[in-house]
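Here is the naming used below: chain letters follow the sequence lines, and residue numbers restart at 1 for every chain. Since the model is a prediction, treat every value here as computed from it, not as a measurement.
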Protein chains: 2
Amino acid sequence: MSPETDRRTDCLADWCADAEWCGLTCALDVLDRKWSPVVVAVLLDGPRGFAAISDAVDGVSGTVLSETLDDLTDAGIVERRTVSERPHRVEYRLTAAGRDLEPAVEALREWGERHGTA
Amino acid sequence: MSPETDRRTDCLADWCADAEWCGLTCALDVLDRKWSPVVVAVLLDGPRGFAAISDAVDGVSGTVLSETLDDLTDAGIVERRTVSERPHRVEYRLTAAGRDLEPAVEALREWGERHGTA
DNA sequence: CAGTATCCACAAGGATACTG
DNA sequence: CAGTATCCTTGTGGATACTG
């Protein structure tokens, strides 16, 4: 009954207890934050600046959006590009791994369209 | 700038601010809890009792699993069936809406298999 | 504009003990 | 076995103010 027995040690999610659901838990770990999937969905339409994302994702605070983008960047899903301009601008775009999330995000969105209404 | 302008009032998620991502936010709202998607994944393999789910989802406490199943039941994703036996037994199974989550869960799991390893 | 630094509030997970 | 009732701790979101 040792919890380590069938645990995937190469899994990014530290709460992945059993190998059976490791893929799922890893994906969930990356999209753990409330707004992460929505941000990914926004960026699937193309690169955006901070303000554009903030506008598209109505309801998120600047602080949290910043943290969310940081986490997504650390996870290798989002890439930051600082544009040397005045005023200061930063562009966020999905990496290949990020774009690869499209089927999952799409599937979730479609489910919501079908079942998520009262 | 009224936040209510383009908000889908028929969306189950109360934090769905704009119609654009309503489907996605609704789905996320339903799978909001840490273990919800994993529980759904387990039940995609067929109906299970409380103990069986608890065993399959290694790492979750009884309290939280109970709450998770309650929420999923309220959301119309899981169905409870009490089996009149001794000792007391309860069976959980996915509803049609729950089974309809399979593509999304599968897509997430596949992404994790591809990208979620260190 | 694009953040960072605090501070606060609340929700959710976990442990334990108890009940039908 | 299948929960429910507490209690505790942490994580996360949000507001505000400040910096480059």
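- Checked against C/dG14, D/dT4, C/dA2, the side chain of B/D70 finds its nearest nucleotide in D/dT4.
- One finds no side-chain N or O of A/Y92 lying less than 4.0 angstrom from the OP1 or OP2 phosphate oxygen of C/dC1.
- With distances taken from any side-chain atom of B/S66 to the nucleotides D/dA2, D/dG14, D/dG3, the minimum falls on D/dG3.
- The two atoms that bring A/A97 and B/H115 nearest to each other are CB-ND1, 3.6 Å, heavy atoms only.
- Remark: the backbone N or O of A/G62 is not paired with any side-chain donor or acceptor of A/S66 at under 3.5 angstrom.
- Across all strands shown, A/V64 has heavy atoms under 4.0 Å from base atoms, whether or not it also approaches the sugar-phosphate.
- Distances from the side chain of B/K34 to the nucleotides D/dG3, C/dT16, C/dG13 place C/dG13 closest.
- In this model, the phosphate group of C/dG14 is not approached by any side-chain N or O of A/W15 to a distance below 4.0 Å at OP1 or OP2.
- Rounded to whole angstrom, the span from the CD atom of A/E67 across to the P atom of D/dG13 amounts to 7 Å.
- Aromatic pair B/W21/A/W35: ring centres not closer than 6.0 Å.
- The phosphate of C/dG13 (OP1 or OP2) has a side-chain N or O of B/R33 nearer than 4.0 angstrom.
- The B/F50 side chain lies nearest to D/dG3 when the options are D/dG3, C/dT4, C/dG3.
- Ranking D/dC1, C/dA15, D/dA15 by closeness to the B/R89 side chain, first place goes to D/dC1.
- Each of A/T68 and A/G62 was assigned the nucleotide of DNA chain D with the nearest heavy atom; the assignment lying further toward the 5' end belongs to A/T68.
- Minimum interatomic distance between A/A13 and A/T25 (heavy atoms only, all atoms of both residues): CB-O, 3.7 Å.
- Side-chain atoms of B/T73 do not come within 3.5 Å of backbone N or O of B/E79 as any donor-acceptor pair.
- Listed candidates were C/dA15, D/dA2, C/dA5. Nearest to the side chain of B/T63 is C/dA15.
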(message) For DNA chain C, please output the secondary structure as dot-bracket, reading 5' to 3'. Pairs are Watson-Crick or G-U wobble, both atom distances under 3.5 Å; mark crossing pairs with [ ], other-strand partners with |, unpaired with a dot.
(response) ||||||||||||||||||||
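- Checked by atom type and distance alone, the side chain of A/R109 never pairs as donor or acceptor with a backbone atom of B/G23 at under 3.5 Å.
- B/G112 and A/C26 make their closest contact through CA-CB, 4.3 Å (heavy atoms, listed as atom of the first residue, atom of the second, distance).
- Nearest to the side-chain atoms of A/H88 among the listed nucleotides D/dG13, C/dG13, C/dC1 stands C/dC1.
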